[in-house]
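Only heavy atoms go into these numbers, but all of them, side chains included; no hydrogens, no water, no symmetry mates.
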Amino acid sequence: MAHIFITGGTGFIGMHALRQLSREEHTVTVLVRSQQKWERMCRQMGLETAWHTGKLTPVIGDLSIPALGLNPSDRKRVETADVVIHAGGPMDILLGEEEARAAFLQAAEEMLTLATHIHASKGLRHFIHLVGFKSPFNDHNWNAPEPVIAQLEQAPPYERMKFLADLHIRQGAHREGFPLSVIHLSVVIGDSEHGDTPQTGGLGILVASTARKLMGLVPGGKSHWLPLVHVDHAAEFISALAKEPRPVNETYYLMDERQQSPTMIELGTNMAKELRLRKPLGSISPAWLSKILGTPLGRKLGIPKESLDFIVDVDYPLDATRRIHHKSGLSHAVNSSTFPFVITDLDFRIIHSHAETDGYVRSRRGPLATLERKVEKARNENPTIVFVHGTLSGADCLIPLAEHFPESSVCLVDLPGFGRSPYHHKEDALEGHIESLVQAIQAFETPIRLVGHSFGGLLAAKVWERVPEHISSLHLLQPVLHTAPPRYRSARITESVLGRLSEPGLQKQLLSQTCFESLGDIPPTYVAYVLEEMRSPRVRKTTAETLAMLTRSNSFQFAPQIYEARSKEKVSILWGVKDQIYKLPEPFRSFHTRDLPAAHHFPISQPERTAHWLKQHI
């Protein structure tokens with residue numbers, strides 16, 4: 001349909017736009033700084049086929065370099081574009097003057113030069129520019145901008161340069177006569193299905209502040225709101241505009257209506273609920289809070305006062321945007337069922353220094369966040385393996401084990417309140433975990449192989465009782481099948497202890513509980529993961545309550561039918577005999593059981609050997 005040239009294609013919005021555009025009959029040329037980043041993004045978004053078949057073509061360059069830094073052949077290719085989508089630019093509200101000028105104003109000048117050349121030589125069908133909803137420029141004031149420019153003198157460099165770039169492109173499009181669509185994006189959050197939000201600015205600043213218990217008073221309260229849009233909805237809108245046969249000059253505000261959006265007090269309450277903290281006590285004026293954050297005391301809190309600029313108390317004109325939505329049949333509302341996943345994904349990314357998992361796609365099954373890697377094979381020939389972690393763990397911790405099953409599709413779940421999964425908020429903690437895992441397994445079209453470690457083994461056995469028809473085989477790795485030590489009985493005390501863990505203290509506890517045989521047996525990445533997880537009040541509280549639940553004997557009651565012969569044929573247990581805390585109850589010895597010379601956490605310390613043992617039963 002069109003040859004599209006897009007900048008910012010490997011960014012949060014751009015990569016979703018590329019996935020959407022690749023589904024259309026377009027050819028797309030993408031400006032990228034790094035071939036390595038491009039390849040990683042293609043794997044992450046499932047775009048390798050589109051790339052290798054020529055629907056997507058990367059060209060190496062830089063927005064802030066003259067002529068975009070393109071070599072002659074790439075420049076020639078770009079100059080044949082019918083549609084230009086300018087989505088490049090950093091999301092860093094603390095940019096300095098010169099950095100912001102290069103990132104926005106210089107980039108705008110280079111893009112205008114390109115657009116002018118295309119329009120003069122062949123006619124540019126459409127220029128689409130992504131800005132931000134706080135830009136003061138619109139279709140009515142860009143041609144008399146002096147009062148607005150004067151007001152921007154006091155704005156931070158990031159905002160000032162970004163908005164001046166908006167004005168510069170509007171003026172250039174009018175001067176040269178090519179159609180211009182300006183998309184004023186609101187705060188972009190994860191996609192409407194999974195909530196995966198790698199851009200931790202924007203809403204992430206509020207999530208981090210809530211986790212640090214700095215949102216007892218919510219900025220704005222009931223009078224203010226934070227406009228939001230799902231990244232996939234933004235991508236669909238960009239794609240719809242790119243298909244417009246006769247585009248008109250227009251400004252589009254991309255967000256929900258104010259009446260359909262939570263107030264700041266509602267947003268603060270929702271964040272506190274998902275982070276398992278007390279709800280806010282009240283509200284504070286954003287203007288007053290901005291003054292406080294601008295003081296030396298406020299700066300020590302680490303919350304940029306510029307972040308408050310996205311919290312507003314006004315409505316925005318949405319008629320033009322809704323016309324495109326209606327014409328193209330697009331969704332636009334924020335998915336309330338996905339919003340908890342957005343919060344917990346941001347919480348996870350903020351606390352973890354390395355949240356990328358190359359080769360695995362972050363997804364969702366029912367109420368659980370997942371990491372998934374698919375292998376194209378006959379579904380009944382090789383069922384998907386679902387891995388379930390234990391306490392002081394998460395889906396990421398079992399990746400080394402899953403890597404030894406390259407022949408199978410794998411799914412690693414985060415249990416409720418761990419990793420990236422929202423807590424279940426059920427009164428019965430164990431039942432909430434079981435029901436969540438049942439729903440996740442029922443989301444698969446065909447029966448799966450279920451592998452559970454430690455507490456995950458207990459849950460896997462419980463799920464086997466409930467939905468055996470959805471499980472082709474069950475494999476328990478050091479399952480917790482009797483009560484935990486009484487020291488964990490008080491969730492409040494345990495939560496406090498977890499919040500003060502140090503690296504030596506954690507290592508000492510792991511050894512004393514015979515989770516590992518020796519200090520050298522503990523993967524450094526595992527220690528780092530656990531310490532980072534314990535920075536989240538959500539994970540701390542969930543871990544403490546889970547350990548307390550495991551001290552109660554009624555958590556280990558099973559229905560008699562689990563011991564029936566037909567059930568036993570599909571169940572295997574791998575048991576590490578060096579575990580001095582837990583023992584395998586005698587009734588479970590009647591299953592296919594293999595004793596291993598290992599401690600409790602052998603799936604984490606010895607993933608290769610565990611996979612070897614497991615493959616003999618799976």
Side-chain angles (χ1 to χ4, degrees), residues 1-11 13-35 37-39 41-42 45 47-89 106-130 165 168-183 235 237-250:
M1 289 179 55
H3 175 200
I4 298 172
F5 173 58
I6 182 171
T7 69
T10 56
I13 301 167
M15 61 186 187
H16 283 267
L18 282 182
R19 182 162 65 181
Q20 186 65 33
L21 292 169
S22 70
R23 295 168 179 165
E24 311 288 347
E25 297 301 317
H26 303 300
T27 57
V28 185
T29 301
V30 191
L31 183 71
V32 299
R33 285 188 177 186
S34 161
Q35 182 74 15
K37 187 174 183 180
W38 165 258
E39 293 175 3
M41 185 277 294
C42 284
M45 302 301 290
L47 296 175
E48 298 100 322
T49 300
W51 170 26
H52 294 308
T53 57
K55 290 195 73 174
L56 302 178
T57 302
V59 292
I60 305 298
D62 191 321
L63 278 169
S64 61
I65 296 177
L68 303 178
L70 295 170
N71 65 43
S73 62
D74 286 342
R75 181 75 184 190
K76 187 174 181 180
R77 176 185 179 86
V78 166
E79 288 173 350
T80 66
D82 305 302
V83 177
V84 171
I85 301 174
H86 182 28
Q106 178 64 32
E109 182 60 37
E110 295 300 332
M111 294 301 293
L112 269 178
T113 300
L114 172 66
T116 299
H117 179 85
I118 295 173
H119 196 58
S121 63
K122 64 184 288 288
L124 180 62
R125 184 193 302 179
H126 201 176
F127 191 114
I128 301 171
H129 186 204
L130 276 61
H168 192 50
I169 288 178
R170 287 177 187 270
Q171 292 173 330
H174 176 74
R175 182 177 63 249
E176 302 301 333
F178 56 78
L180 171 68
S181 292
V182 178
I183 301 178
F237 192 87
I238 293 167
S239 179
L241 282 184
K243 289 187 291 186
E244 282 289 293
R246 290 180 294 277
V248 296
N249 295 324
E250 188 65 84

(message) Just so I know, are the side chains of Glu110 and Pro66 near enough to count as touching, which here means a heavy-atom distance under 4.5 Å?
(response) yes
(message) Minimum heavy-atom separation for Ile4 and Ala242, please, with both atom names.
(response) CD1-CB, 4.0 Å
(request) Find the distance between CG (Leu112) and NE2 (His119) and round it off to the nearest 0.5 Å. (result) 12.5 Å
(message) What I'd like to find out is whether the side chain of Met111 reaches to under 4.5 Å of the side chain of Leu63, using heavy atoms alone.
(response) yes
(message) The criterion is salt bridge (Lys or Arg N to Asp or Glu O under 4.0 Å); which residues satisfy it with Glu109, sequence neighbours excluded?
(response) none
(message) Within the 4.5 Å heavy-atom criterion, are Asp82 and Lys122 side-chain neighbours or not?
(response) yes
(request) Can you see which heavy atom on Val78 is nearest to which on Ile118, and at what distance? (result) O-CD1, 3.8 Å
(request) List in chain and number order the residues that pass ring pair (Phe, Tyr, Trp, His ring centres under 6.0 Å) with His16, two or more places apart in sequence or in another chain; answer none if no residue qualifies. (result) Phe12
(message) If you define the side chain from C-beta out and look only at heavy atoms, does anything of Ile238 sit under 4.5 Å from Leu130?
(response) yes
(request) Enter the distance from Met45:CE to Trp51:CH2 here, rounded to the nearest 0.5 Å. (result) 15.5 Å
(request) Kindly write out the residues that satisfy ring pair (Phe, Tyr, Trp, His ring centres under 6.0 Å) with His3, not counting sequence neighbours, or none if the list is empty. (result) none
(message) I need the full list of salt bridge (charged side-chain N to carboxylate O under 4.0 Å, His left out) pairs touching residues 13-31, with sequence neighbours left out, sorted by first then second residue.
(response) Glu24-Lys243
(request) Using the test ring pair (Phe, Tyr, Trp, His ring centres under 6.0 Å), find all partners of His26 that sit at least two apart in sequence or belong to another chain. (result) none
(request) Decide yes or no for Ile60 and Val32: does some side-chain heavy atom of the first lie under 4.5 Å from some side-chain heavy atom of the second? (result) yes
(request) Indicate the atoms forming the closest heavy-atom contact of Ala2 with Arg125, along with that distance. (result) CB-NH1, 3.7 Å
(message) Any non-hydrogen side-chain atom of Val84 less than 4.5 Å from a side-chain atom of Phe178?
(response) no
(request) Determine whether Ile6 and Leu18 make a side-chain contact, defined as any pair of heavy atoms from C-beta on separated by less than 4.5 Å. (result) yes
(request) Measure the acute angle between the ring planes of Phe127 and His86, then classify it against the limits of 30° and 60° as parallel, tilted or perpendicular. (result) perpendicular
(request) Compare every heavy atom of Ser64 with every heavy atom of Gln106, then report the nearest pair and how far apart it is. (result) CG-O, 3.6 Å
(message) Distance check, rounded to the nearest 0.5 Å: Leu31 atom CG versus Thr10 atom OG1?
(response) 9.0 Å
(message) I need the Thr29 OG1 to Ile85 CD1 distance, nearest 0.5 Å.
(response) 11.5 Å
(message) Ignoring hydrogens, what is the shortest heavy-atom contact between Pro179 and Asn249? Give both atom names and the distance.
(response) CA-OD1, 3.3 Å
(request) Kindly indicate whether the side chain of Leu56, heavy atoms from C-beta on, has any atom under 4.5 Å from the side chain of Trp38. (result) yes
(message) Please list all pairs meeting salt bridge (charged side-chain N to carboxylate O under 4.0 Å, His left out) that have one or both residues in residues 64-79, counting only residues at least two apart or in different chains.
(response) Arg75-Glu79
(request) Mind checking the CD1-CG spacing from Ile65 to Leu70? Nearest 0.5 Å is all I need. (result) 9.5 Å
(message) Show the nearest heavy-atom pair for residues Ser22 and Lys55, with the distance to one decimal.
(response) O-NZ, 2.5 Å
(request) Can you measure from CD (Glu48) to CE (Met41) and round to the nearest 0.5 angstrom? (result) 10.0 Å
